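Data block below; observations after.
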Amino acid sequence: MSKITRRKFLAGSMAGGAAIAMAPTKKAFGANLEGFPDGMGVLVDMTRCVGCRSCEAACNKEQNLPEPNKSFDDFSVFDEIKHGEKRRPTEKAYTVVNRYEPEGSEPVYRKIQCNHCNEPACLTSCFVNAYTKTPEGAVIYNDKVCVGCRNCMIACPFSIPAYSYSSAINPIIKKCIFCYDTRLKNGQTPACVEACPQQVMVFGKRKELIKIAHDRIRRSPGKYVDQVYGEKEVGGTGWLYLSGVPFQQAGFNVSLPSEPIINNVKDFLAIVPMVLAIWPALFTGFHLLATKGKSHGHGDDHSHDGQEEH
Amino acid sequence: MVNTGKKFMAGLAGLIICCLLMMNCYAMESYPEEIEIDVLAELYEGVVFDHGLHVMMTEGCAVCHHHTTGTPVVDSYCAKCHTNEEPMATVSCKDCHSSEPVTAGSVRGKDTVLFHDDKPDLKAAYHLSCLGCHQDMGAPVGCQDCHARTEAGDAFFHSGQFAPTGSTGSSGH
Ligand code: SF4
Ligand code: SF4
Ligand code: SF4
């Protein structure tokens, strides 16, 4: 892994901005990503979820996230609406559970986190290669490399990546990492999965989970809609969902293509070199403002960065 | 020789049936009034489950015990195979449902009985069964309605004495 820091990157891009702008964007990634047949995933069976938020509490603890605004047994969060939308994962909460009230049915709860796509749009859209899809199936990121450009935030079809502004000069991406460094790489069940009292989630090889999911549908046809969300969407995701109500009624985007987002992102990436041209100046400005009269310590060490140990 | 064998087998079968019937009566008449469920206690205290009360309120043991107690099977999925209503040697939840969290590998790998795959682990077996019925029957459904939270639980949920001290500001721009 190259030890490029944000500042070195900026210095480099100032010196050689034109060269970077001309460099080909990553077309090779799609091909790389098909090589993980034993990738792990999680099957989320929403018919079992009771909205207890134990999974949110477990993630907070496992990932050493900051104190939440409200206790994890405070169910008023289900009524929160921001910018006309229900809660989404943030830099302080890598997973959130939302409540939906489909007509003529009991409320349904949906746990949201990174879906660990087979061919992640976040990864493809990142021009500094901060993201990695590990053979175990996790999509992780190196926050020492991230420049906070937010391409991934725009590219992700599930609105997952969030940004930490706790360090004004070094905003970095924050999202669910499938408990990669503490659990997944040792073959262990993620913290949120283990904490759930209802076994809403099963952890295992993605291809086995797909079989289990279809078995459940076949055994209880009245209970489920006949679809495993994530089996095909955007080229397949590691985290898969079963539902008792049509997926759009539980807030899912049902208009996603079954091909990976890569193709669309390529168009989007075309505008990146243009942006790059103005960035160095912009960031230098921010940097000078932010560090005016302050020492240089970034003071924001992200201990759960799986890539650092490589 | 063949005849003797047949007679012996018939006698043996009869004996087994008698034993099973006796066990059936035995199983039906003597069940524990209270069961302490504490194998998984950590964030919550154990539960002293009023088994007697629930026996009175449910229509048959099979509502919870599937096909193991000798009363008519209610779950149509179990009933595909278990129609003979024979009581089994093991009836308690923990004898069949693993206290280890299940994974896709353990769900499909270990149990040799094909239709017993995808079996919930013990924690889920309790919650799916208890909470599912409590929801249907309008019985209490709050976590602490059944088990009091421990101090470790309060810390885990950032609640009680560990509640957030004040709004830490809005997040997510
Ligand atoms: S869900 Fe979004 S953040 Fe997660 S891997 Fe897919 S594209 Fe990336
Ligand atoms: S897998 Fe780990 S990081 Fe992701 S939501 Fe669950 S506990 Fe959090
Ligand atoms: S812990 Fe399980 S039941 Fe509770 S909210 Fe999370 S997924 Fe739903």
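Just so we're on the same page: letters track the sequence lines, and every chain starts at 1. Just so it is clear, the model here is predicted, and its values are computed rather than measured.
- A:Asp74 does not touch chain B: none of its heavy atoms, backbone or side chain, sits under 4.5 Å away.
- Counted by atom type alone, A:Glu136 and A:Thr134 present one or more donor-acceptor pairs between their side chains at under 3.5 Å.
- The aromatic ring centres of A:Phe78 and A:Tyr109 sit less than 6.0 Å apart.
- Both the backbone and the side chain of A:Ala58 come within less than 4.5 Å of a heavy atom in chain B.
- Using a 4.5 Å cut-off between heavy atoms, B:Tyr77 contacts chain A through its side chain alone, with no backbone atom that close.
- Annotation: B:Tyr126 is not in aromatic contact with B:His97 [ring centroid separation under 6.0 Å not met].
- For chain B, the nearby part of A:Lys61 is the side chain; its heavy atoms alone come within less than 4.5 Å.
- Residue contact with chain A, scored on non-hydrogen atoms closer than 4.5 Å, involves the backbone and the side chain of B:Pro120 alike.
- The aromatic rings of B:His134 and B:His54 lie parallel to each other, with less than 30° between the two planes, well short of the 60° mark.
- For the residue pair B:Thr150 / B:Glu45, no side-chain donor-acceptor distance below 3.5 Å is found, with atom types taken as modelled.
- The contact between A:Ser54 and chain B is made by backbone and side chain atoms together, counting heavy-atom distances below 4.5 Å.
- Classified by interplanar angle (parallel below 30°, tilted 30° to 60°, perpendicular above 60°), the ring pair A:Tyr229/A:Phe158 is perpendicular.
- Heavy atoms of B:Leu43 lying under 4.5 Å from chain A are absent altogether.
- Your options are A:Ser220, A:Gly41, A:Ala195, and the one with the most heavy-atom pairs under 4.5 Å with chain B is A:Ala195.
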